[in-house]
Amino acid sequence: MIETHDHISSAFNNELFHLNNTLLEMGRTLENMYEKSINAFDQKNDAASKEVISNDEKIDDLENSIINQIQVLIAKRQPMAVDLRVLVGCTRIAGYMERIGDLISSVNKRNITLIEYNIENEKKDIIDLFSSAMKLFQKSLDCFARKDFKLAEVVRSQDLDIDKQYKYFFNKLLEKMSRQSKLVVPGTHMLFIAKNLERLGDHATNIADSISYMATGEVKAPSRPKISE
Amino acid sequence: MIKEQTKLDIDNVDVFYGKKQAIFNVDLEIKKNQVTAFIGPSGCGKSTLLRCFNRMNDLIDICKVSGSILLDSVNILDKKLDLVRLRTKVGMVFQKPNPFPKSIYDNVAYGPKIHGLCEDISELDEVVEKSLKSAGLWNEVKDRLNEPGTGISGGQQQRLCIARAIATNPDVILMDEPCSALDPIATARVEELMQELKKNYTIIVVTHNMQQAARVSEKTAFFHLGHLIEFGNTEEIFTSPNEIKTQDYITGRFG
Amino acid sequence: MFDISLYFIFLLGLSSYYIGKNRAKKNINLITETGGLESHYGMYLVIWTILPAFIFYLIWSVISNYLIKEATLGSIPNDLLPNNLSMQKLFLDSIIVVAKGGSSLSKVPEISVAFYQNFAFYSTLGKSISTISISLISFFIFYKKIDSNVRAKNFLERIILVFLFISSIIAIMTTVGIILSLIVETTKFFQDVTIFEYFFGLLWSPQMALREGQVAAEGSFGAVPVFAGTFLITIIAMALAGPVGLFSAIYLSEYASKNTRKIVKPTIEVLAGVPTVVYGFFAALVVGPFIRRTSESFGLASSSESALAAGLVMGIMIIPFISSLSDDVINSVPQSLREASFGVGATKSETIKKVIIPAALPGIVAAFMLAISRAIGETMIVVMAAGLSAKLTANPLDSVTTVTVQIVTLLVGDHEFDSTKTMAAFALGMTLFAITLILNIYAIRVVKKYREKYD
């Protein structure tokens, strides 16, 4: 837990509470988009994918609202120590979430293209990757909701698993594509989807890192252990 | 050459007002040519400690100080110490600008005059000009040195008081909430001046304004109820303090 | 003269407070609309019930008093009327005394006495009736007015303003009156004695004019020795009280502990409460003889009445003025100035000399001025200890006299009111007044020039 006592200024407390709620809403919206994307991919539902893409606007709006709130808070409260770190952390988290939104809509754009191809053999691997990234993202959201920076360590370690999973899928698909030329077009799209999901996992980790920064003031080294592609 | 030379070594200092203990066992090292800020809620003892450094507490009968404070390895709490010499070495600037009701010139010349620091008038003129220049006030007052020091603006008065303090060529300047009676522009001027002055002097500033402490100081000490809670680099104190009490105070969470 | 009508309007006024209050209570909108209180309306009605009637009563009294005298004078039969104006006045006074039931030595005409009694009776009757009716009428008019949402609060504010204004005018008019009477009498004096003689004459002996027809009936009115005596004694007194008072003030405010101060300051102030006559006999019976004996043992001629004795005792008397006032002033010099001075390494005495005294100068000068005026105006000590002889001398062991003492001796005893001797007292008073005024103005200028203003 980061917070110790309430501020003397109750207005300050309320403003922080509102900021927190806006971030949680952004997280929930992303979660929702993400779940829809899995189904859309699984069922080749282009209408659902289009809906998810249109939802990205809402994410952008929420991000703007968060940045505005933080801006006003800094101007009004001149935050120090933990407050300062929370606001800096929230700024970063909002940025990561916005990029996660972009990644999800990019995945869905490729899904719409993939509908006309037969990808039954590769589907399962992608869905596995989807759910791993989903779990990671949900965990980082939990981590934020509970302000639990110990959970952040867990997120960090699980990101490695996704990287492995991606690497494995990448090599496997690349090999298939070299043998079956009809797989080149859908395979490329699937490679991008997999890459996006891997990036999504990275951002989820970044969110967790931001939370542990908020708690401790330590900025984690950006060079996280990574498996080379 | 050691980069951070110790100017004041405060060791095991207790201060009593009668039976009430105001400072508990404080250990602190003030580095040379740095600005050290003392922060803490009212009544936390920061001003009391500051006033130990030039023995201003001697003016209060019931105030007793124990422990040792070494200024360049001389214990200034020594009963036999020459207070006059100490106070020329440790200048002080107060919360409210308090220029003497004399001319601007006489305000600055006051210290050098009573200590006989200058041989003749031209030397005194030089000291006054130099001090006023150091205090960043020379250009504003050079044409009206004979006007009363109480007639200039609050910010100028405070800089006049700084000029008065540095006219006796001290090593250390103590500032007791020097900007609390000033507007933001005048405050910015004084803060700017502090950055300039620390090249030649060691500055200790007591302030209620956390942002000010964060802006002007290299080291910050946080006091609470007479105890030194945390002392360290200002950057760390204001971004990630070690003590919960420090954090609660600087983030406005104090009861 | 107090009569029943005044009691009446007073009682009516008293009850109208409650009547007005009740009236306001019944008028529900009144309080909310005018923002006043019920008691404001009580007072409002009281003022309107009493004030106009009372003013009318006073005016009637003054006018009727004048008319009654004129008319009575007219009623005196011509053959009995004295030709001299002041004799007429005396005669009239006797008539009034007889009319009021007294007796008079001189024979007064019955007819005039009866006339006076009649006039007085009807005048009093008329006055009472009209006072009571005015009071009643204005009571009813303003009782009704409470209904029409009149703003009693504002009205009361104005009344208070008028009251305060009149009070301050009374103080000013009194001063002006005193000065005017001084000027008038002084001018008369200077018709008898030349200004030159008064200001430059070296001989003061008004006693010569005691008997009419004496050779030196005019007396001598050279005021120089009198003022010289005054200044000599004042200088002696200030020479003692100035340093002692100031130094004790500095000790009290800067050095003494709180407890010492608590005891010493009131003790010094007790000195101010000792009646001057006590100082007087102390000076005459203890200090005077002591000084004479001491100076004789040094081979100096001295009388037991000496300027030194009076001056010293007077100095003791005015110490508390200087010390107490200066102490207050020094105390009000802000602590921050002391700290500033100590902060640059000044010692206590340097701080006092260079910072505190200059900052407190206006107050200290004011304290000195007050002490000097006290010394110049002091009479009792000098009468008892310094003597009456107007000698022009700078020898403090000699007996001298002062202005106030001369005024006392000039006015004590029986003399004619318009004799030169009496008017000389006014001239002395006027000069004394002028001197203190000039001293004060000069002191203000000094203060302005040297004061170091702190804020």
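The analysis underlying the following values was restricted to heavy atoms, covering all of them including side chains, and did not include hydrogens, waters or symmetry mates. Letters A, B, ... are given to chains in the order of the sequence lines, protein chains preceding strands, and every chain is numbered from 1.
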*Rounded to the nearest 0.5 Å, what separation is found between the CD atom of C/Gln335 and the CZ atom of B/Phe94?*
9.5 Å

*Per-residue contact mode, B/Ile114 against chain C (heavy atom under 4.5 angstrom)*: both

*chain C contact via B/Val90 - which portion, at a heavy-atom distance below 4.5 Å*: backbone

*Return the minimal non-hydrogen interatomic distance between B/Lys102 and C/Pro358, and the atom names on each side.*
NZ-CG, 4.2 Å

_Using every non-hydrogen atom in the two residues, find where B/Asn98 and C/Ala340 come nearest and quote the distance to one decimal._
ND2-CB, 3.2 Å

Give a yes or no on whether [X] atom [atom1] has more than 12 heavy-atom contacts from other residues, nucleotides or ligands under 6.0 Å away.
X	atom1	value
B/Ile185	CD1	no
B/Lys130	NZ	no
C/Phe247	CZ	no
C/Leu180	CG	yes
B/Arg85	CZ	no
C/Tyr255	OH	yes

*Which residue, B/Arg55, B/Met56, B/Met92, forms the side-chain contact (heavy atoms from CB on, under 4.5 Å) with C/Phe342?*
B/Met56

*asked:* Tell me if a side-chain donor or acceptor on B/His115 pairs with a main-chain N or O of C/Val344 at a distance below 3.5 Å.
replied: yes

*Donor-acceptor pair, C/Lys354 side chain versus B/Tyr110 backbone, under 3.5 Å?*
no

*Proximal component of C/Ser257, with respect to chain B [non-hydrogen, under 4.5 Å]*: neither

*asked:* Between B/Arg51 and C/Glu339, does any side-chain N to carboxylate O distance fall below 4.0 Å?
replied: yes

